[in-house]
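Taking it in order: structure first as structure tokens, then the write-up.
As the structure is a prediction and not an experimental result, all values here were calculated from the model.
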Amino acid sequence: MTDEILLHDDAEMLEAGAERATGAYGRGGQTLSRDGITVVTLPAGEHVSKRLAESKAEEARALAAGVPRPLLIDIRGVKSIDRDARAVLGAAQMSAAVALLGASPVDRVLGNFVMGGQEPRCPVAFFASRSEALAWLAGFLPVP
Amino acid sequence: MAGGLPAGTLKKMNAENKDPRLGQLVDSIVRLSRGELSSRIEPSEARDEVDAVITGFNLLAEELEQVYDQFEKRVESRTAMLRQAHRDMKKMAMSDALTGLANRVALMEALETALAEAADGAPPPALILLDLDSFKNVNDRFGHDAGDRVLQEVGVRLNGVVRTSDIVARLGGDEFAILLPAATMEICMRVARRALEVLGEIIELEDLQVHSRASIGVRLGDPQQSADDLLLDADTAMYAAKREGRNIIKVFEPVMQYSRQLRSQMAAELRAAIRRDELVLHFQPLVELATSRIIGLEVLVRWQHPVRGLIPPDVFIPLAEEIGVIHDLDRWVMSTSLRHLAEWRRELQLDDDFQLQVNLSAVELKQLDLVDYVRGLLRETGVPASCLVIEITESAIVTRGEVEMYSLLSLQQLGVGIEIDDFGTGYSSISYLRELPVSMVKVDRSLLVDLDTKPGQFGFVSAVLQLIRAAGLEAVCEGIETKEQADQLRAMGCASGQGYYFSRPLPIDEIKALLATHRFLSLPA
């Protein structure tokens, strides 16, 4: 793994997930499970606090039920992620693999700060395309 | 924090080729460089590369602020730790580890402060010095652990008799001090008396009881005095208390200083006297009561002082013990007297059982090389071991220290006789003596004083002698001054004795002349 999380350029940057509830990037998206992949959506246009990060992490843990699963964190459009929140999200590396989904150069910088700073404990990559991210994560699903 | 720019403004600015966000970035970097680590820029809604740089700037500034905060906190906590360590070290350096009391350094510092305050018009400080009487016996008899517990208890008791402004210190060993800043003689004496009182109470430690009485010296300070002088004066008063009988309080008087100076001068002279052979030996004949045959001599040491004349042993022996020269003195006596005996055995017709009785101090019994020394002397002089009797006091062996027991047993195996001196004045029981390698007991002169006059005394002494014999020991009576006493003791079955009735102690020439001409003493009727 390089120092920077891999960036998968994609023309479909504006592709919105089926799970997105509202808005261009969706607002206050809930945590879902899609084909064995946990999808965590951070609210676009908002500051992500530690409290919010913890509630998202809790939702993801509840879905995973103790089994390491591939995880997609959608950070598209978030305003900022504070230091404590980054520490909580960084702990998501207990998953099978983590894909960070961003749309803008700002998302890319934020995503690298979320996972950066220390050697990742699971495969981590940054994607600008949701479908590519999901496809990459699918490779980490347990063999049936 | 700079506000975010609307997308429209951004486009306009971009058209003029002047992105205002770059200016904001420059300003923020300048603020950051000045130490304003909370400086942040709001990214625009464009979320383009410039916003990415702004976000990166914000995140890095946050990291920097966090690291700086942590660093500050760490420096703060390390500084606090250092300060605490400094306080702990100071406390350690200023307190006595065993008792937790102030130590000598702390006492002297407080004394100097109190003297400085007195020089500014405050009442003068007073110093009380306390030395535990016979504390050494506690260590010898019960071990150092018990001794330590006694010292701790003494510390607690002393703390209980002082005012909150006073300082109790342990100066080392069994020596304590109480500093009373701004004191009067009345306050000082009240504290000293209470200290004497609480130390007079028995200290009970599990299975042992200890009397920890103290000799107390008191000195009310003079504002012009130095702390060292004040301490020395209190010390002088304490030594006066010790000499005057212990368990008392003495207030410093200038005359004590003179007496102490005299004493320290005498100590120096005594050291020199041993080196210069100024000590002389006198010999008192030991007589077989039935026949008046001279069966031996007790060796007695005197100090022939060049100015003060002949000084008796009761003046300089305690001094020799106090200044630590008793060992040299004992060995001088032993070696000189054995050389004399060897000479007389060559030149005179002495009986084969003629014995020399030499006193040995408690300190000497503790010397590991004592036995080798005696063996070497006997070999060198050719005097048979059976011709030497070593006299020890009861107190020298009452603690039954391992070295003392080793010394006694080894001397006995060598063939040297062991005699307990001054029997009847101490606290040994006959059954206790039976367990020791002792062959003779010298009955103290005080038992003979009223032998002819006091009703029952004859029966009492007779019973004592019978007990000694029943224990398989030989009795020797000292202080026989009259024919009646000699007759009575003979009638009681006492075999031998000494005293002025037979002969006073004689200097070397006279005793040699006596031994040359008399095998038996001719006694007054």
Side-chain angles (χ1 to χ4, degrees), chain A residues 3-10 12-16 23-27 42-50 52-53 73-90 100-118 126-129, chain B residues 1-11 13-14 17-29 31-32 35-76:
Chain A
D3 285 341
E4 188 195 343
I5 299 163
L6 290 174
L7 173 65
H8 296 253
D9 286 321
D10 198 298
E12 304 169 274
M13 279 197 9
L14 293 178
E15 177 202 33
Y25 301 121
R27 309 268 319 163
L42 298 179
E46 285 186 25
H47 294 285
V48 178
S49 64
K50 183 187 180 190
L52 177 62
I73 305 177
D74 188 346
I75 61 167
R76 285 178 295 178
V78 297
K79 217 163 190 178
S80 68
I81 305 174
D82 75 23
R83 201 169 193 277
D84 292 339
R86 293 203 300 275
V88 173
L89 295 173
L100 285 153
L101 179 61
S104 67
V106 173
D107 296 341
R108 186 180 155 203
V109 170
L110 281 173
N112 274 284
F113 266 86
V114 168
M115 291 300 164
Q118 56 189 354
F126 185 88
F127 292 88
S129 154
Chain B
M1 171 109 32
L5 293 168
T9 314
L10 193 61
K11 271 182 189 158
M13 295 296 180
N14 278 342
N17 208 16
K18 271 189 185 175
D19 189 332
R21 295 173 301 171
L22 292 174
Q24 286 174 7
L25 260 173
V26 172
D27 289 346
S28 282
I29 287 167
R31 281 199 295 276
L32 201 66
E36 290 176 40
L37 301 184
S38 59
S39 176
R40 303 283 185 277
I41 311 163
E42 187 81 0
S44 75
E45 286 168 12
R47 298 181 78 80
D48 57 7
E49 275 80 4
V50 177
D51 282 323
V53 172
I54 287 171
T55 303
F57 169 86
N58 286 342
L59 289 165
L60 288 170
E62 191 186 354
E63 286 296 317
L64 192 61
E65 193 177 16
Q66 186 78 19
V67 167
Y68 191 82
D69 272 359
Q70 280 173 355
F71 182 68
E72 284 276 280
K73 276 182 192 139
R74 198 172 296 177
V75 168
E76 208 172 285

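Here the straight-line distance linking atom CZ of A:Arg108 with atom CZ of B:Arg47 works out to 14.0 Å at 0.5 Å rounding. Atom CD of B:Gln66 sits about 10.0 Å away from atom CG of A:Asp82, to the nearest 0.5 Å. One finds the OG atom of A:Ser104 at 12.0 Å from the CD atom of B:Glu45 (value rounded to the nearest 0.5 Å).
Of the candidates B:Asn58, B:Leu59, B:Asp51, B:Leu59 is the only one forming a side-chain contact (heavy atoms from CB on, under 4.5 Å) with A:Val109.
A:Arg83 has no carboxylate O lying under 4.0 Å from a charged side-chain N of B:Glu65, or vice versa, which leaves the two without a salt bridge.
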